[in-house]
Amino acid sequence: MVGSGGMGGGLLENANPLIYERSGERPVTAGEEDEQIPDSIDAREIFDLIRSINDPEHPLTLEELNVVEQVRVQVSDPESTVAVAFTPTIPHCSMATLIGLSIKVKLLRSLPQRFKLDVHITPGTHASEHAVNKQLADKERVAAALENTHLLEVVNQCLSARS
């Protein structure tokens, strides 16, 4: 698949990315299993939701490419906010908006509606950081993007489990 250009088609921008080891599964605590105790959403839970998103160009996950890391996830359950900073593998990555959109869609589909989401590029890691962040923060632009059937199909491929 490396030669085929993945889901994006054409030549790969970063043909030989560094691959990072996946973190282990989070142990479930007794408190989390007890249905009588309210379970707040934390950074690890958000990271677990997004770590297995597939990269659009490589047969690897965002975690394996170090695009997402738990340390760049911030959650305030009482304030209903989630902020995720992601780092494209190269400064001119043309897939940055698609990656951010995939993260945002995964969280929109997984979290209660009360959460306000902020998905953005890690500061200083992408040439078009401001423009991409502006697109990802604009609800109307995100909604319009998801009405595009081809784009939605690509996002769904990023979110689907690998066989």
Side-chain angles (χ1 to χ4, degrees), residues 1-26 41 43-75 82-113 115-123 125-163:
M1 178 137 163
V2 171
S4 72
M7 294 177 207
L11 297 175
L12 293 176
E13 292 179 352
N14 185 6
N16 294 306
L18 286 175
I19 300 172
Y20 296 79
E21 193 170 324
R22 296 187 65 173
S23 57
E25 295 301 316
R26 176 173 68 132
I41 293 174
R44 179 58 194 238
E45 193 167 349
I46 299 301
F47 177 68
D48 284 344
L49 289 170
I50 63 174
R51 66 191 259 191
S52 61
I53 294 173
N54 300 311
D55 181 80
E57 285 193 310
H58 297 283
L60 299 164
T61 66
L62 296 185
E63 179 185 22
E64 290 167 326
L65 291 169
N66 211 37
V67 171
V68 295
E69 291 181 280
Q70 185 178 336
V71 296
R72 292 195 304 257
V73 175
Q74 283 148 1
V75 179
V82 171
V84 175
F86 67 98
T87 307
T89 59
I90 56 173
H92 290 85
C93 177
S94 64
M95 297 290 159
T97 305
L98 178 59
I99 291 167
L101 187 60
S102 297
I103 293 168
K104 193 155 196 164
V105 168
K106 177 66 175 185
L107 295 176
L108 285 169
R109 290 178 181 174
S110 304
L111 294 174
Q113 286 187 336
F115 279 93
K116 181 180 184 317
L117 303 176
D118 172 24
V119 176
H120 59 275
I121 291 177
T122 304
T125 63
H126 194 273
S128 302
E129 170 188 331
H130 178 72
V132 172
N133 288 345
K134 188 174 178 181
Q135 285 183 304
L136 292 172
D138 188 325
K139 288 182 182 180
E140 286 79 23
R141 288 173 90 169
V142 169
L146 297 176
E147 288 176 8
N148 177 321
T149 53
H150 174 68
L151 188 54
L152 184 58
E153 187 178 307
V154 175
V155 167
N156 285 334
Q157 285 177 347
C158 290
L159 299 181
S160 66
R162 285 245 155 83
S163 51

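Computed from a predicted model, the values in this text were never measured in an experiment.
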Next item on the list: Please determine which of Leu101, Thr97, Asn156 meets the side-chain contact (heavy atoms from CB on, under 4.5 Å) test together with Leu151.
Entry: Leu101

Note to self: Less than 4.0 angstrom from a charged side-chain N to a carboxylate O is my criterion; do Asp48 and Arg44 meet it?
What the structure shows: yes

Notebook entry, point to check: For the side-chain contact (heavy atoms from CB on, under 4.5 Å) test, which of Val68, Val71, Val84 pairs with Phe47?
Noted result: Val68

Item checked: Atom pair CG/CG of Asp118 and Leu136 - distance to nearest 0.5 Å -> 9.0 Å

Note to self: Rounded to the nearest 0.5 Å, what separates atom CG in Leu111 from atom NZ in Lys116?
What the structure shows: 13.5 Å

Next item on the list: Would you mind reporting whether Val132 and Glu129 have side-chain heavy atoms less than 4.5 Å apart?
Entry: no

Notebook entry, point to check: Which residues satisfy the side-chain contact (heavy atoms from CB on, under 4.5 Å) test with Pro112, sequence neighbours excluded?
Noted result: Ile41, Arg114, Phe115

Notebook entry, point to check: Under the criterion side-chain contact (heavy atoms from CB on, under 4.5 Å), which of Leu98, Leu65, Thr61 is the partner of Asp55?
Noted result: Leu65

Item checked: Any Leu146 side-chain heavy atom under 4.5 Å of Val105 side chain -> yes

Margin query: Could you check whether Arg72 and Thr87, counting side-chain N and O atoms only, form a donor-acceptor pair closer than 3.5 Å?
Written below: yes

Check: In Å, rounded to the nearest 0.5 Å, how long is the span from OG of Ser52 to CG of Leu159?
Finding: 8.5 Å

Item checked: Straight-line distance of Ser128 OG to Gln135 CD, nearest 0.5 Å -> 9.5 Å

